[in-house]
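Single-structure report; data block below.
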Protein chains: 2
Amino acid sequence: MDPAVRDGWLERAHASLVAAGLRLGAARTGVVEVLARDGQCLIEAREIIDRLRERGGPGSAASVYRVLDELRGLGLVRRDADPDGGGRYEIVFAAAHHHHFVDVESGSIESFIDEGLEAAIQEAGRRLGVRLTGHSVELRGTRTRPQSAQERP
Amino acid sequence: MDPAVRDGWLERAHASLVAAGLRLGAARTGVVEVLARDGQCLIEAREIIDRLRERGGPGSAASVYRVLDELRGLGLVRRDADPDGGGRYEIVFAAAHHHHFVDVESGSIESFIDEGLEAAIQEAGRRLGVRLTGHSVELRGTRTRPQSAQERP
DNA sequence: ATTCTTGCAAACTGTTTGCAAGCTC
DNA sequence: GAGCTTGCAAACAGTTTGCAAGAAT
(Lines give C-alpha, C1' and ligand atoms only; values in the text may rest on other atoms or scores of the structure.)
Protein backbone atom coordinates (compact mmCIF):
# COMPACT_ATOMS: atom_id res chain seq x y z
CA MET A 1 0.00 0.00 0.00
CA ASP A 2 1.47 3.30 -1.11
CA PRO A 3 0.42 6.14 1.22
CA ALA A 4 1.08 8.80 -1.41
CA VAL A 5 -1.21 7.01 -3.87
CA ARG A 6 -3.82 6.54 -1.16
CA ASP A 7 -3.89 10.22 -0.24
CA GLY A 8 -3.68 11.46 -3.80
CA TRP A 9 -6.53 9.30 -4.99
CA LEU A 10 -8.58 10.01 -1.89
CA GLU A 11 -8.34 13.72 -2.54
CA ARG A 12 -9.31 13.34 -6.17
CA ALA A 13 -12.17 11.03 -5.28
CA HIS A 14 -13.50 13.48 -2.73
CA ALA A 15 -13.34 16.34 -5.23
CA SER A 16 -15.04 14.30 -7.97
CA LEU A 17 -17.85 13.17 -5.69
CA VAL A 18 -18.56 16.69 -4.47
CA ALA A 19 -18.36 18.06 -8.01
CA ALA A 20 -20.89 15.44 -9.08
CA GLY A 21 -23.28 16.67 -6.42
CA LEU A 22 -23.12 13.44 -4.44
CA ARG A 23 -23.37 13.51 -0.67
CA LEU A 24 -20.76 12.13 1.65
CA GLY A 25 -22.89 9.42 3.22
CA ALA A 26 -21.49 6.80 5.51
CA ALA A 27 -21.53 3.85 3.12
CA ARG A 28 -20.09 5.82 0.23
CA THR A 29 -17.32 7.23 2.40
CA GLY A 30 -16.53 3.79 3.74
CA VAL A 31 -16.16 2.23 0.31
CA VAL A 32 -13.92 5.06 -0.86
CA GLU A 33 -11.68 4.69 2.17
CA VAL A 34 -11.32 0.93 1.76
CA LEU A 35 -10.50 1.37 -1.93
CA ALA A 36 -7.86 4.00 -1.20
CA ARG A 37 -6.05 1.63 1.13
CA ASP A 38 -6.72 -1.81 -0.29
CA GLY A 39 -7.79 -1.13 -3.87
CA GLN A 40 -4.46 -0.01 -5.25
CA CYS A 41 -4.16 -3.48 -6.74
CA LEU A 42 -7.16 -5.68 -7.56
CA ILE A 43 -9.65 -6.19 -4.73
CA GLU A 44 -12.82 -8.27 -4.87
CA ALA A 45 -16.25 -6.85 -4.13
CA ARG A 46 -16.70 -9.45 -1.43
CA GLU A 47 -13.52 -8.31 0.26
CA ILE A 48 -14.70 -4.70 0.35
CA ILE A 49 -17.95 -5.81 1.95
CA ASP A 50 -16.06 -7.86 4.52
CA ARG A 51 -13.70 -5.01 5.43
CA LEU A 52 -16.63 -2.69 6.00
CA ARG A 53 -18.36 -5.26 8.16
CA GLU A 54 -15.17 -5.78 10.20
CA ARG A 55 -15.05 -2.05 10.85
CA GLY A 56 -18.48 -2.43 12.36
CA GLY A 57 -19.56 0.53 10.28
CA PRO A 58 -22.12 0.75 7.49
CA GLY A 59 -21.81 -0.68 4.01
CA SER A 60 -24.31 -3.29 2.87
CA ALA A 61 -23.64 -5.33 -0.23
CA ALA A 62 -26.21 -3.29 -2.12
CA SER A 63 -24.52 -0.03 -1.20
CA VAL A 64 -21.07 -1.32 -2.05
CA TYR A 65 -22.14 -2.33 -5.55
CA ARG A 66 -23.98 0.95 -6.01
CA VAL A 67 -20.98 3.01 -4.94
CA LEU A 68 -18.59 0.98 -7.10
CA ASP A 69 -20.82 1.70 -10.08
CA GLU A 70 -20.80 5.41 -9.36
CA LEU A 71 -17.04 5.49 -8.94
CA ARG A 72 -16.65 3.64 -12.19
CA GLY A 73 -18.86 6.18 -13.90
CA LEU A 74 -16.66 8.97 -12.55
CA GLY A 75 -13.54 7.22 -13.84
CA LEU A 76 -12.22 6.73 -10.32
CA VAL A 77 -12.30 2.95 -10.42
CA ARG A 78 -11.73 0.25 -13.00
CA ARG A 79 -13.54 -3.06 -12.98
CA ASP A 80 -12.52 -6.36 -14.39
CA ALA A 81 -13.58 -9.87 -13.55
CA ASP A 82 -11.45 -12.67 -12.19
CA PRO A 83 -11.39 -15.85 -14.29
CA ASP A 84 -14.39 -17.35 -12.54
CA GLY A 85 -16.50 -14.25 -13.08
CA GLY A 86 -16.37 -12.46 -9.75
CA GLY A 87 -15.87 -8.71 -9.95
CA ARG A 88 -12.53 -7.18 -9.05
CA TYR A 89 -11.87 -3.47 -8.72
CA GLU A 90 -8.84 -1.23 -8.77
CA ILE A 91 -8.47 2.51 -8.33
CA VAL A 92 -7.62 4.54 -11.44
CA PHE A 93 -4.68 6.82 -10.73
CA ALA A 94 -1.74 7.63 -12.97
CA ALA A 95 0.76 7.15 -10.15
CA ALA A 96 -0.68 3.71 -9.49
CA HIS A 97 -0.47 2.34 -13.05
CA HIS A 98 0.84 -1.23 -13.08
CA HIS A 99 0.36 -4.72 -14.50
CA HIS A 100 -0.18 -8.13 -12.94
CA PHE A 101 1.81 -11.29 -12.57
CA VAL A 102 -0.12 -14.36 -11.51
CA ASP A 103 1.83 -17.17 -9.88
CA VAL A 104 0.07 -20.20 -11.34
CA GLU A 105 1.20 -22.41 -8.47
CA SER A 106 -0.06 -20.30 -5.60
CA GLY A 107 -2.65 -18.21 -7.42
CA SER A 108 -1.23 -15.07 -5.85
CA ILE A 109 -1.21 -11.85 -7.81
CA GLU A 110 1.54 -9.29 -7.66
CA SER A 111 1.84 -6.00 -9.48
CA PHE A 112 4.77 -4.74 -11.48
CA ILE A 113 5.75 -1.95 -13.82
CA ASP A 114 8.04 -2.27 -16.82
CA GLU A 115 9.04 0.65 -18.99
CA GLY A 116 10.05 -1.53 -21.91
CA LEU A 117 6.62 -3.14 -21.89
CA GLU A 118 4.89 0.24 -21.78
CA ALA A 119 6.90 1.39 -24.78
CA ALA A 120 6.10 -1.80 -26.70
CA ILE A 121 2.40 -1.31 -26.01
CA GLN A 122 2.46 2.21 -27.39
CA GLU A 123 4.32 0.91 -30.46
CA ALA A 124 1.83 -1.87 -30.95
CA GLY A 125 -1.02 0.61 -30.76
CA ARG A 126 0.65 2.79 -33.35
CA ARG A 127 1.21 -0.18 -35.66
CA LEU A 128 -2.40 -1.19 -35.24
CA GLY A 129 -3.49 2.29 -36.20
CA VAL A 130 -5.55 2.96 -33.09
CA ARG A 131 -5.60 5.62 -30.40
CA LEU A 132 -5.04 3.90 -27.07
CA THR A 133 -7.05 4.94 -24.03
CA GLY A 134 -6.00 2.08 -21.80
CA HIS A 135 -4.40 -1.32 -21.65
CA SER A 136 -3.84 -4.21 -19.33
CA VAL A 137 -1.31 -7.01 -19.25
CA GLU A 138 -1.41 -10.21 -17.28
CA LEU A 139 1.62 -12.44 -17.10
CA ARG A 140 1.25 -15.98 -15.80
CA GLY A 141 4.02 -18.25 -14.67
CA THR A 142 6.10 -19.49 -11.80
CA ARG A 143 8.82 -17.90 -9.77
CA THR A 144 12.16 -19.36 -10.80
CA ARG A 145 13.49 -18.80 -7.30
CA PRO A 146 10.84 -19.96 -4.81
CA GLN A 147 10.55 -17.53 -1.93
CA SER A 148 10.25 -20.22 0.70
CA ALA A 149 10.27 -23.99 0.87
CA GLN A 150 6.76 -24.25 2.25
CA GLU A 151 5.22 -22.74 -0.88
CA ARG A 152 5.80 -25.96 -2.80
CA PRO A 153 2.70 -28.20 -2.63
CA MET B 1 -11.77 -17.97 -38.98
CA ASP B 2 -8.58 -19.76 -39.97
CA PRO B 3 -9.34 -23.20 -41.49
CA ALA B 4 -5.85 -24.50 -40.71
CA VAL B 5 -6.27 -23.59 -37.05
CA ARG B 6 -9.74 -25.09 -37.01
CA ASP B 7 -8.59 -28.42 -38.43
CA GLY B 8 -5.41 -28.57 -36.40
CA TRP B 9 -7.17 -27.90 -33.11
CA LEU B 10 -10.05 -30.20 -34.01
CA GLU B 11 -7.65 -33.05 -34.55
CA ARG B 12 -5.84 -32.42 -31.29
CA ALA B 13 -9.12 -32.07 -29.42
CA HIS B 14 -10.36 -35.37 -30.81
CA ALA B 15 -7.16 -37.14 -29.82
CA SER B 16 -7.19 -35.65 -26.32
CA LEU B 17 -10.81 -36.60 -25.72
CA VAL B 18 -10.30 -40.17 -26.84
CA ALA B 19 -7.08 -40.43 -24.83
CA ALA B 20 -9.00 -39.25 -21.77
CA GLY B 21 -11.50 -42.06 -22.25
CA LEU B 22 -14.37 -39.69 -22.99
CA ARG B 23 -17.07 -40.71 -25.42
CA LEU B 24 -17.95 -38.79 -28.53
CA GLY B 25 -21.49 -37.91 -27.55
CA ALA B 26 -23.62 -35.53 -29.56
CA ALA B 27 -23.44 -32.53 -27.22
CA ARG B 28 -19.70 -32.84 -26.65
CA THR B 29 -19.02 -33.15 -30.37
CA GLY B 30 -21.22 -30.14 -31.08
CA VAL B 31 -19.45 -27.90 -28.60
CA VAL B 32 -16.05 -28.91 -29.95
CA GLU B 33 -17.12 -28.16 -33.51
CA VAL B 34 -18.50 -24.75 -32.64
CA LEU B 35 -15.31 -23.88 -30.76
CA ALA B 36 -13.11 -24.95 -33.66
CA ARG B 37 -14.91 -22.60 -35.99
CA ASP B 38 -16.01 -19.71 -33.79
CA GLY B 39 -13.80 -19.99 -30.73
CA GLN B 40 -10.51 -18.99 -32.32
CA CYS B 41 -11.07 -15.60 -30.72
CA LEU B 42 -13.17 -15.06 -27.58
CA ILE B 43 -16.69 -16.48 -27.73
CA GLU B 44 -19.30 -16.28 -24.98
CA ALA B 45 -20.92 -19.34 -23.47
CA ARG B 46 -24.30 -17.94 -24.44
CA GLU B 47 -23.20 -17.70 -28.05
CA ILE B 48 -22.11 -21.35 -28.11
CA ILE B 49 -25.48 -22.39 -26.75
CA ASP B 50 -27.25 -20.29 -29.38
CA ARG B 51 -25.19 -21.73 -32.26
CA LEU B 52 -26.01 -25.25 -31.16
CA ARG B 53 -29.69 -24.42 -30.91
CA GLU B 54 -29.64 -22.86 -34.38
CA ARG B 55 -28.17 -26.08 -35.76
CA GLY B 56 -31.23 -27.78 -34.36
CA GLY B 57 -28.90 -30.32 -32.84
CA PRO B 58 -28.26 -31.17 -29.20
CA GLY B 59 -26.42 -29.04 -26.67
CA SER B 60 -28.27 -27.82 -23.60
CA ALA B 61 -26.79 -25.09 -21.44
CA ALA B 62 -25.87 -27.66 -18.82
CA SER B 63 -23.98 -29.79 -21.33
CA VAL B 64 -22.19 -26.80 -22.82
CA TYR B 65 -20.86 -25.71 -19.43
CA ARG B 66 -19.93 -29.28 -18.57
CA VAL B 67 -18.03 -29.77 -21.83
CA LEU B 68 -16.28 -26.41 -21.53
CA ASP B 69 -15.06 -27.45 -18.09
CA GLU B 70 -13.71 -30.72 -19.42
CA LEU B 71 -11.94 -29.03 -22.32
CA ARG B 72 -10.42 -26.56 -19.93
CA GLY B 73 -9.17 -29.41 -17.79
CA LEU B 74 -7.54 -30.96 -20.86
CA GLY B 75 -5.86 -27.68 -21.73
CA LEU B 76 -7.81 -27.39 -24.95
CA VAL B 77 -9.65 -24.22 -24.01
CA ARG B 78 -8.89 -21.09 -22.03
CA ARG B 79 -11.50 -19.22 -20.04
CA ASP B 80 -11.60 -15.62 -19.02
CA ALA B 81 -14.46 -13.39 -18.07
CA ASP B 82 -15.67 -10.29 -19.83
CA PRO B 83 -15.77 -7.14 -17.70
CA ASP B 84 -19.30 -7.77 -16.51
CA GLY B 85 -18.51 -11.28 -15.39
CA GLY B 86 -19.85 -13.44 -18.18
CA GLY B 87 -17.60 -16.29 -19.24
CA ARG B 88 -15.69 -16.13 -22.50
CA TYR B 89 -13.75 -18.99 -24.03
CA GLU B 90 -11.01 -19.37 -26.60
CA ILE B 91 -9.27 -22.41 -27.99
CA VAL B 92 -5.68 -23.00 -26.89
CA PHE B 93 -3.47 -23.59 -29.91
CA ALA B 94 0.01 -22.27 -30.58
CA ALA B 95 -0.83 -21.25 -34.14
CA ALA B 96 -3.76 -19.23 -32.84
CA HIS B 97 -1.89 -17.12 -30.28
CA HIS B 98 -2.98 -13.48 -30.36
CA HIS B 99 -4.01 -10.51 -28.24
CA HIS B 100 -7.12 -8.34 -28.13
CA PHE B 101 -7.99 -4.80 -29.02
CA VAL B 102 -11.29 -3.50 -27.68
CA ASP B 103 -12.87 -0.59 -29.51
CA VAL B 104 -14.31 1.37 -26.58
CA GLU B 105 -16.86 3.08 -28.83
CA SER B 106 -18.39 -0.01 -30.38
CA GLY B 107 -17.39 -2.58 -27.80
CA SER B 108 -16.14 -4.84 -30.58
CA ILE B 109 -13.11 -7.01 -30.01
CA GLU B 110 -10.52 -7.78 -32.63
CA SER B 111 -7.43 -9.89 -32.39
CA PHE B 112 -3.91 -8.93 -33.37
CA ILE B 113 -0.36 -10.19 -33.11
CA ASP B 114 2.70 -8.03 -32.59
CA GLU B 115 6.21 -9.42 -32.51
CA GLY B 116 7.62 -6.39 -30.71
CA LEU B 117 5.06 -6.82 -27.97
CA GLU B 118 5.85 -10.52 -27.64
CA ALA B 119 9.52 -9.72 -27.27
CA ALA B 120 8.83 -7.04 -24.65
CA ILE B 121 6.73 -9.51 -22.67
CA GLN B 122 9.54 -12.06 -22.61
CA GLU B 123 11.93 -9.32 -21.53
CA ALA B 124 9.61 -8.18 -18.77
CA GLY B 125 9.31 -11.74 -17.51
CA ARG B 126 13.05 -12.08 -17.44
CA ARG B 127 13.44 -8.80 -15.56
CA LEU B 128 10.81 -9.92 -13.09
CA GLY B 129 12.73 -13.12 -12.50
CA VAL B 130 9.89 -15.49 -13.34
CA ARG B 131 9.33 -18.31 -15.79
CA LEU B 132 6.40 -17.40 -18.03
CA THR B 133 3.81 -20.01 -18.95
CA GLY B 134 1.31 -17.63 -20.50
CA HIS B 135 0.27 -14.03 -20.89
CA SER B 136 -2.55 -11.90 -22.17
CA VAL B 137 -2.75 -8.32 -23.31
CA GLU B 138 -5.81 -6.19 -23.82
CA LEU B 139 -5.54 -2.85 -25.55
CA ARG B 140 -8.46 -0.43 -25.33
CA GLY B 141 -9.01 2.60 -27.51
CA THR B 142 -10.58 3.95 -30.64
CA ARG B 143 -9.81 3.41 -34.30
CA THR B 144 -8.14 6.32 -35.99
CA ARG B 145 -8.23 4.83 -39.49
CA PRO B 146 -10.17 2.07 -41.21
CA GLN B 147 -9.04 -1.46 -40.54
CA SER B 148 -6.85 -3.13 -43.13
CA ALA B 149 -6.97 -6.79 -43.95
CA GLN B 150 -3.51 -7.61 -42.62
CA GLU B 151 -4.45 -6.49 -39.14
CA ARG B 152 -6.88 -9.36 -38.81
CA PRO B 153 -4.99 -12.60 -38.47
C1' DA C 1 -37.61 20.80 4.55
C1' DT C 2 -36.02 18.65 0.68
C1' DT C 3 -33.55 15.50 -1.69
C1' DC C 4 -30.17 11.98 -1.53
C1' DT C 5 -28.60 7.63 0.72
C1' DT C 6 -29.06 3.32 2.91
C1' DG C 7 -30.47 -1.50 4.08
C1' DC C 8 -33.54 -5.07 3.47
C1' DA C 9 -35.59 -8.34 0.76
C1' DA C 10 -36.93 -9.86 -3.58
C1' DA C 11 -35.72 -10.28 -8.46
C1' DC C 12 -32.36 -11.54 -11.93
C1' DT C 13 -28.49 -13.66 -14.62
C1' DG C 14 -25.17 -16.84 -15.43
C1' DT C 15 -23.46 -21.20 -13.87
C1' DT C 16 -23.61 -25.70 -11.41
C1' DT C 17 -25.66 -30.06 -9.79
C1' DG C 18 -29.01 -34.25 -8.93
C1' DC C 19 -31.40 -37.44 -11.30
C1' DA C 20 -33.78 -40.51 -14.67
C1' DA C 21 -33.73 -41.73 -19.52
C1' DG C 22 -30.89 -42.42 -23.68
C1' DC C 23 -26.88 -43.41 -26.12
C1' DT C 24 -21.81 -45.02 -26.95
C1' DC C 25 -18.48 -48.40 -26.88
C1' DG D 1 -25.03 -54.85 -21.42
C1' DA D 2 -22.46 -51.52 -18.55
C1' DG D 3 -21.52 -47.16 -17.77
C1' DC D 4 -20.91 -42.66 -19.59
C1' DT D 5 -23.84 -38.59 -21.53
C1' DT D 6 -27.59 -35.78 -21.86
C1' DG D 7 -31.52 -32.66 -20.70
C1' DC D 8 -34.54 -31.02 -17.42
C1' DA D 9 -35.41 -28.67 -13.40
C1' DA D 10 -33.94 -27.14 -9.14
C1' DA D 11 -30.15 -25.13 -6.58
C1' DC D 12 -26.71 -21.55 -6.27
C1' DA D 13 -23.70 -17.21 -6.08
C1' DG D 14 -23.01 -12.76 -7.31
C1' DT D 15 -25.19 -8.64 -8.59
C1' DT D 16 -29.10 -5.44 -9.27
C1' DT D 17 -33.43 -3.10 -8.08
C1' DG D 18 -37.88 -1.36 -5.53
C1' DC D 19 -39.12 0.60 -1.59
C1' DA D 20 -39.64 2.72 2.99
C1' DA D 21 -36.95 4.65 6.73
C1' DG D 22 -33.01 7.52 7.89
C1' DA D 23 -29.36 11.05 6.98
C1' DA D 24 -26.87 15.15 4.57
C1' DT D 25 -27.22 19.66 3.11
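Heavy atoms only: backbone and side chains are in, while hydrogens, waters and symmetry mates are out. Naming: A, B, ... by sequence-line order, numbering from 1 per chain.
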Nucleic acid contacts - [range] versus DNA chain C, non-hydrogen atoms under 4.0 Å:
range	result
residues 48-63 of chain A	A/Pro58, A/Gly59, A/Ser60, A/Ala62, A/Ser63
residues 17-36 of chain B	B/Arg23, B/Leu24
residues 70-92 of chain A	none

Which pairs pass salt bridge (charged side-chain N to carboxylate O under 4.0 Å, His left out) with one or both residues in residues 54-66 of chain B, sequence neighbours excluded?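 Every pair satisfying salt bridge (charged side-chain N to carboxylate O under 4.0 Å, His left out) with a residue in residues 54-66 of chain B: B/Glu33-B/Arg55.
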Show me the side-chain donor-acceptor pairs of residues 112-121 of chain B shorter than 3.5 Å, one per line, residues at least two apart or across chains.
{"unit_1": "B/Asp114", "atom_1": "OD1", "unit_2": "A/Arg127", "atom_2": "NH2", "d": "3.0"}
{"unit_1": "B/Asp114", "atom_1": "OD1", "unit_2": "B/Gly116", "atom_2": "N", "d": "3.1"}
{"unit_1": "B/Asp114", "atom_1": "OD1", "unit_2": "B/Leu117", "atom_2": "N", "d": "2.9"}
{"unit_1": "B/Asp114", "atom_1": "OD2", "unit_2": "A/Arg127", "atom_2": "NE", "d": "2.9"}
{"unit_1": "B/Asp114", "atom_1": "OD2", "unit_2": "A/Arg127", "atom_2": "NH2", "d": "3.4"}
{"unit_1": "B/Glu118", "atom_1": "OE1", "unit_2": "B/His97", "atom_2": "NE2", "d": "3.4"}
{"unit_1": "B/Glu118", "atom_1": "OE1", "unit_2": "B/His135", "atom_2": "NE2", "d": "3.1"}
{"unit_1": "B/Glu118", "atom_1": "OE2", "unit_2": "B/His97", "atom_2": "NE2", "d": "3.0"}
{"unit_1": "B/Glu118", "atom_1": "OE2", "unit_2": "B/His99", "atom_2": "NE2", "d": "2.8"}

Would you confirm whether B/Thr29, through its side chain, and B/Gly25, through its main-chain N or O, come within 3.5 Å as a donor-acceptor pair?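 Checking the backbone N and O of B/Gly25 against the side chain of B/Thr29, a donor-acceptor pair under 3.5 Å is found.
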Which residues pass the salt bridge (Lys or Arg N to Asp or Glu O under 4.0 Å) test with [X], sequence neighbours left out?
X	result
B/Asp69	B/Arg72
B/Arg51	B/Asp38, B/Glu47
A/Arg131	none

Could you note down all residue pairs passing ring-ring contact (aromatic ring centres under 6.0 Å, His included) where residues 29-61 of chain B supplies at least one of them, sequence neighbours left out?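 Residue pairs passing ring-ring contact (aromatic ring centres under 6.0 Å, His included), neighbours aside: none found.
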If you look at every strand shown and take non-hydrogen atoms under 4.0 Å, does A/Arg46 touch a base, only sugar-phosphate, or nothing?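 If one applies the 4.0 Å heavy-atom cut-off, A/Arg46 turns out to touch the sugar-phosphate alone, with no base involved.
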Without decimals, in angstroms, what is the distance between A/Arg66 CZ and C/dC4 C1'?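 In whole Å, C/dC4 C1' lies 11 Å from A/Arg66 CZ.
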Partner residues of B/Arg140 under the side chain to side chain contact (heavy atoms under 4.5 Å, CB included) criterion, sequence neighbours left out: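 Listed in chain order: A/Arg78, A/Thr133, A/Ser136, B/Val102, B/Val104, B/Glu138.
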Side chain to side chain contact (heavy atoms under 4.5 Å, CB included) with A/Ala4: which residues, sequence neighbours excluded?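 Listed in chain order: A/Asp2.
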Sequence neighbours left out, cut at 3.5 Å: what donor-acceptor pairs do the side chains of residues 7-24 of chain B make with other protein atoms?
{"unit_1": "B/Trp9", "atom_1": "NE1", "unit_2": "B/Leu76", "atom_2": "O", "d": "3.0"}
{"unit_1": "B/Arg12", "atom_1": "NH2", "unit_2": "B/Val92", "atom_2": "O", "d": "2.5"}
{"unit_1": "B/Ser16", "atom_1": "OG", "unit_2": "B/Arg12", "atom_2": "O", "d": "3.0"}

